[in-house]
Amino acid sequence: MKTCVDENSQPKDTTIPVVGEAKIKNPIKFGRFVVEDDAVLVNISKRYMDKSAKSRKKVVHQYFESAGPRGKVYFDTSKTKCAVVTCGGLCPGLNDVIRAVVMTAYHQYNVPSVLGIQYGLAGFIPEYGYDVIELTPDYVSRIHEFGGTILGSSRGPQDPEDIVDALERMNVSILFMIGGDGTMRAASKVVAEISRRGLAISVVGLPKTIDNDINFASPSFGFDTAVETATTAIRGAHVEATGAPWGIGLVKVMGRHAGYIAAQSALSCQEVNFVLIPEDPFDIDGENGFLAALERRMHERGNSVIVVAEGAGQEHLEGSGKTDASGNVKLGDFALLLKERIIQYFKEKGVDPTLKYIDPSYIIRSVPANANDRIYCSFLGINAVHAGMSGRTGLVISRWNGRYVHIPMEEVTRCKKRISTCSNYWRAVLESTGQPISMRNDKS
Ligand code: F6P
């Protein structure tokens, strides 16, 4: 998949499809309905010119549709059945989103039934034998207190035809799909199959990834909690590193293609001396390599904290060539290799380092959401229901430039978001760690 190193990469099209004309008065009694020209500017920076235009003076203003309730809805609310599914790896806030969807559907729109599909897309396929759960307000009232997802999750695609068959069998009008870019690609295929059959079923996506690498999800839900939890591990590593002679704390965090958790928690802690991310390749050996830089730091301060994103340094490992059920390449454990290399390096120099290796990866993504993420997830769930009831489909709910918006599914799956190593953000990380700007021997 392509990567966009710039969060503000231009969308190709911001139009949101509908399953039909909304003609029914919205039953919501309180608040303001969103009007169609109440849109959110995509790029607030003037720098974003029309790159295809000959004259660079032409500024292109693109807008995302605002999320929120519309004056008219498409579905006859009291006869509407919804379904929710959670796919892929866990992430803090999944239960909060489910809860918000159920509560809004029941209490705002009087929807009589919200079904929970178990264990990801597999839950649609009869052969797996997973029952659906009737999600009532009572059933979901306390689920936000727990990490994970009450529905369970799984990786891997299923045939869109089978999924639409299941939606037809269950008489579902609106499907809420919570998952990463793989899930959103699957959702696009489901939307296409629904349209091919001429059905009026809405599909609304809620983009989820602990790695924060989904395009136009800024940040993705659960990321704030992940950073907060990672900082606890990093603080532990710092205490350990400063509590022993030649102490080194090495923390591994998730981040397959993007090092956002590593970078953001380093910024938050200000106690990290090296952040290694997939976006910034480095040498291990050599005068300008990582080990030499670490040695300099150790001679200066006697201790060091290193945070490694799981996708960093993959070029130093032999790839297994294997992929997981989502089609992601299975990564090698670079942090463990680094641990061994650090110990060996210093031993050869006659020093016995006290290295503490901490891997909080699964702890970070399985905790309940923090206060910020709870609020964020709640708004995502609420706005997903508004979007679905209005008859919109093929969209995801996101927060952009401080507002909740509708983004076409194709835009979030078009490329992955990554840290630009030329950005002021990455410069701030380097300034906080004091690590060299580049740890490559070949600086060309
Ligand atoms: O969903 C992304 C992610 O959190 C990656 O950072 C990580 O590599 C992967 O999930 C691990 O998930 P699992 O072990 O469930 O496949």
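In listed order, ligands and their atoms are each counted from 1.
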Mind listing the side-chain donor-acceptor pairs of residues 270-279 below 3.5 Å, one per line with the distance, residues two or more places apart or on another chain?
unit_1	atom_1	unit_2	atom_2	d
Q270	NE2	L267	O	2.9
N273	OD1	V305	N	2.7
E279	OE1	G259	N	3.1
E279	OE2	G259	N	3.1
E279	OE2	I419	N	2.9

Please produce the table of protein N or O atoms sitting under 3.5 Å from N or O atoms belonging to ligand 1, one pair a line, distance to 0.1 Å.
unit_1	atom_1	unit_2	atom_2	d
ligand 1	4 (O)	R365	NH1	3.4
ligand 1	6 (O)	D211	OD1	2.7
ligand 1	6 (O)	D211	OD2	2.9
ligand 1	6 (O)	E310	OE2	2.6
ligand 1	8 (O)	R256	NH2	3.3
ligand 1	8 (O)	E310	OE1	3.1
ligand 1	8 (O)	E310	OE2	2.6
ligand 1	10 (O)	R155	NH2	3.0
ligand 1	10 (O)	R365	NH1	3.2
ligand 1	12 (O)	R155	NH2	3.0
ligand 1	12 (O)	R365	NH1	2.9
ligand 1	14 (O)	Y362	OH	2.5
ligand 1	15 (O)	R365	NH2	2.7
ligand 1	16 (O)	R155	NE	3.0
ligand 1	16 (O)	R155	NH2	3.3

Subject >> Y425 and Y260 aromatic ring geometry - parallel, tilted or perpendicular at 30°/60° bounds >> reply: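 Y260 and Y425: tilted rings.
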**OP:** Could you tell me which residues satisfy side chain to side chain donor-acceptor pair (under 3.5 Å) with D359, sequence neighbours excluded, listed by chain and number?
**Re:**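 Partners of D359 by the side chain to side chain donor-acceptor pair (under 3.5 Å) criterion, ordered by chain and then number, come out as S361.
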Subject >> With sequence neighbours excluded, residues passing side chain to side chain donor-acceptor pair (under 3.5 Å) with E340 >> reply: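 Result, side chain to side chain donor-acceptor pair (under 3.5 Å) vs E340: none returned.
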Original post:
Does the side chain of S202 come under 3.5 Å of the side chain of R392 through a donor N or O and an acceptor N or O?
Top reply: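 Per modelled atom types, S202 and R392 side chains form no pair under 3.5 Å.
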Original post:
Are the ring centres of F379 and Y404 closer than 6.0 Å?
Top reply: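 Yes, the ring centres sit under 6.0 Å apart.
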